[in-house]
Amino acid sequence: METILPLLLGYGNSLLRFPVEGNVSSLFRLQSTLRWHEFLAGLIRVNKLSNSLEFDTDIYKFYAEALTDVEDQSKSYNCSVRIKNINCLALEILEENLPGLNVSTDLKENKKKPRALRLSNEKMKEETKEEPTFEICNQSKHAEILAGIDIDRCAESLKRSRKTQLLKCLETKIHFVPIIKSHTDPKLGDCSYLDTCHKLKTCKYLHYYQTVPTLAANKPPPPNSPTLEVLASYTKGEPISKTLCKQLPAQWINCDVRKLNFNRLGKFAAIIADPPWNIHTNSIESNETELLKIPVDQIQDEGIFLLWVTVRSTSIGRAWLLENGYTVSSELIWVKTNQLGRNICTGRTGHWLNHSKEHLLVGIKGRCTWLQRGLFDDIILASTRETGRKPDELYVMVEKMVGEHARKLEIFGKQHNVRPGWLTIGNQLEGNNVVEDLI
Amino acid sequence: MSKVEVAHPTEKRTTTNSNSNKVSILLRNKFKQKYLAMNSAFPNHYSHPSKKSKQKFIVNKSSKDYFKNDHTNQFIHTGKRPIENIRNIENPVSGYPKLQRLLSLKQDQINKYRSKPFGARVPTEKMVETIDRWVSKQKLTFDVIMIGGLSENQFIYPLLLNLQLDKLCSKPGFLFFWASTQQVQQLTRLLESSSWGGKFRRSEELVFLPVGRDSKYIPDKNDIPEESLLQQKQWHCWMCITGTVRRSTDSHLIHCNVNTDIIVENTLMTSSCNNIVPISMYELVENFSSSTRRLHILPASVGLEHSLKLRPGWVIVGPDVLVDNFDPSVYKQEISSVGSNVPSTDEIDLLRPKSPNRRLSYC
């Protein structure tokens, strides 16, 4: 311990420049003049000398939390990375030496997060309505029993046969019950397409219907809408007062993207494009896509560009983003799930391997100090819908990153893509709906 | 309620900036209110006397009504990572008995026709030289070559540039190349470089996803979130092909569409073993190519965080290989007795996914 700590703190022997006796009162007297890690080192030292835990582990926990508060520390030291590493090390040493101390996993996760990010996380939580989520029951026995009874009257029959456990499970978890028809052969296993199967009337494979706890149907009342106070206290990338700036309704223009005069659209903070890549073209040269012709510098000075790509087009997409002044900082993966919440493993046509994910390149242009970074993982988990339709979760993520009131554009969008706060352009939209003057 | 109390002591006690202190108190109060509102809303719903007799779940029979969990929303409110919700992490093919049978048959067959595990301990600085010798003097070739693993330090651009991969890899041959999101750009450059002669075509992009907050496989744990737009939780593996192979006619060489292009960390397996390459990745490669000549190159030390185990059927070369038993002439003998390809069986051929006939003309 004595050898690690000075090393850890980078202060050599000057670390223990205060007199350490066998009790803590002297330490507390010095508290105001010491830095957090010095104080902690002192605490450990005192415990070593007195050979007993003099105080509650809660106190250690509190100081451990203080240590995790990286940003405050780094301000006073102008050396954020070093301090961050020191703090992480100190935490680990603390945990090793004090068996009573369990720094929660939340805390561990947080120790890496700057304060700004933690505030943003809390704010995001505040401003987003919580949707109910339910676990999916993993007991195959439950599904078997349910398949054998009349589901519409199952509550009574389950009570009669005293299967109260199953009844309770039905009230808290989602169940998938196999539909057994005369043409079904249960031995074959699940249908590759499940609820999206086009041949439901003849398909021999298993399909399922669903039971959901009632809360999903009667969603809990939305929590009180956020007050002005909260909104004004901490903002990043948003207008100072949201009440003065209403979010625009969904707007769309039916047009040929190649011929549109982009100069009149104005600038956008975020752009999503899902271009019609020509997947059957083998050579890159002949793959002339509409995307390559878009004068992107006319519609974005700084911001993010999100580009859906396929295996074949990812290199073209990357090169195009780089050419237009973007850095490709991240790649977002949409992990596709089926009706049963499983990652799709069959029935989808990839050429060499089955495809159960899609890639979204994330390009950033400019400094974008207003951008909310690090809020999400680079993964979306969502089920598949109509062919080619991408998950709506992406919109939520982008809105949190650039702000709900920022101008956002979707190129090559369809009618199901229109959304408040977004302008959608593409040639498969129904008419036009534009409220902004400038267009 | 106790949860609310412990959740934010940090802000309260340590903030020196009065402004952000205010925010956190405000946020905390809001959180309390909401928590109370929700707490009261949920039990009331259940205990309401008139609803007591009613069923507490509903049945959705039409796909239009299906309820779907919103995992992004769940992440915002609970911090549970979306990937943790996948239900087939432990058994990716659950629900598909035919596919399960196929995979176990294939593994049996692969285990029957495989070389013993070989390791070649070669320091980083001698890697290029050793491979050169294998190519020019011993005339060694491999059909499957994997490079790197779940560690950023394995990607040493100048070293890789000088590897005579095009000569080491036979035609048709398959290359599996690991990289992090940041390294993908360099990887593109590498494949287009003149020394590799553009001989490898990028054919699939595999992704490995670590599960759990404390997974050993989370890339660059010291990443400061402020510097990247999203928190990086993925590894890429490019599958490249050299030479000509057709999926409809070359079933003696490859079996397509057996595995998918995603490997989710199987927490059951990785809790006991933190191999630099997940075992399921080796299995995926073996399921795809029937070749028995497989090489795995690890240019740099795997470090203390990961272990490196030999695998039957593979030659593993790197500075940290524990068993140094590779001898090119012994290996050639071994392969000639095993055979250069794993033969298929009638049942495997019946079960494996095949290309539809109408696609025969298209590669």
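Every chain is numbered from 1 and lettered A, B, ... according to where its sequence line falls, protein lines coming before strand lines.
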| query | Sub-3.5 Å donor-acceptor pair from the side chain of A:E130 to the main-chain atoms of B:H77, do we have one? | reply | no
Turns out that what part of A:Y208 lies under 4.5 Å from chain B's heavy atoms comes down to backbone
Counting heavy-atom pairs under 4.5 Å with chain B, the top scorer among A:I179, A:I333, A:T337, A:V396 is A:I333
B:R87 and A:F176 have their tightest heavy-atom pair at NH1-CD1, 4.4 Å
The interface call for A:I364 against chain B, heavy-atom contacts under 4.5 Å, is side chain
The interface call for A:T133 against chain B, heavy-atom contacts under 4.5 Å, is both
Per-residue tally against chain B (heavy atom, under 4.5 Å) across A:D378, A:L170, A:L322, A:L332 peaks at A:D378
Greatest number of non-hydrogen atom pairs under 4.5 angstrom with chain A, of B:T72, B:I76, B:T181, B:V264, falls to B:I76
Under 4.5 Å to a heavy atom of chain B? For A:M401 that would be side chain
Q | Criterion side chain to side chain contact (heavy atoms under 4.5 Å, CB included) on A:V362 and B:L230, from CA distance to verdict | A | CA-CA 9 Å; A:V362 183; B:L230 298 160; 4.2 Å; yes
Turns out that what part of A:I174 lies under 4.5 Å from chain B's heavy atoms comes down to side chain
- Message: Please check: side-chain N/O of B:N259 versus main-chain N/O of A:L353, any donor-acceptor pairing under 3.5 Å?
- Response: no
Applying a strict 4.5 Å limit to non-hydrogen atoms, the region of A:H359 in contact with chain B is side chain
Honestly, the part of B:F75 sitting under 4.5 Å from a heavy atom of chain A is side chain
Applying a strict 4.5 Å limit to non-hydrogen atoms, the region of A:N138 in contact with chain B is both
When the 4.5 angstrom heavy-atom criterion is applied to A:K400 and chain B, the contacting part is side chain
Do A:Q339 side-chain atoms and B:Y66 backbone N/O form a donor-acceptor pair below 3.5 Å? no
Among A:L206, A:D195, A:I380, the residue with the most heavy-atom pairs under 4.5 Å to chain B is A:D195
What one should report as the nearest heavy-atom pair of B:P82 and A:L381 is O-CD2, 3.1 Å
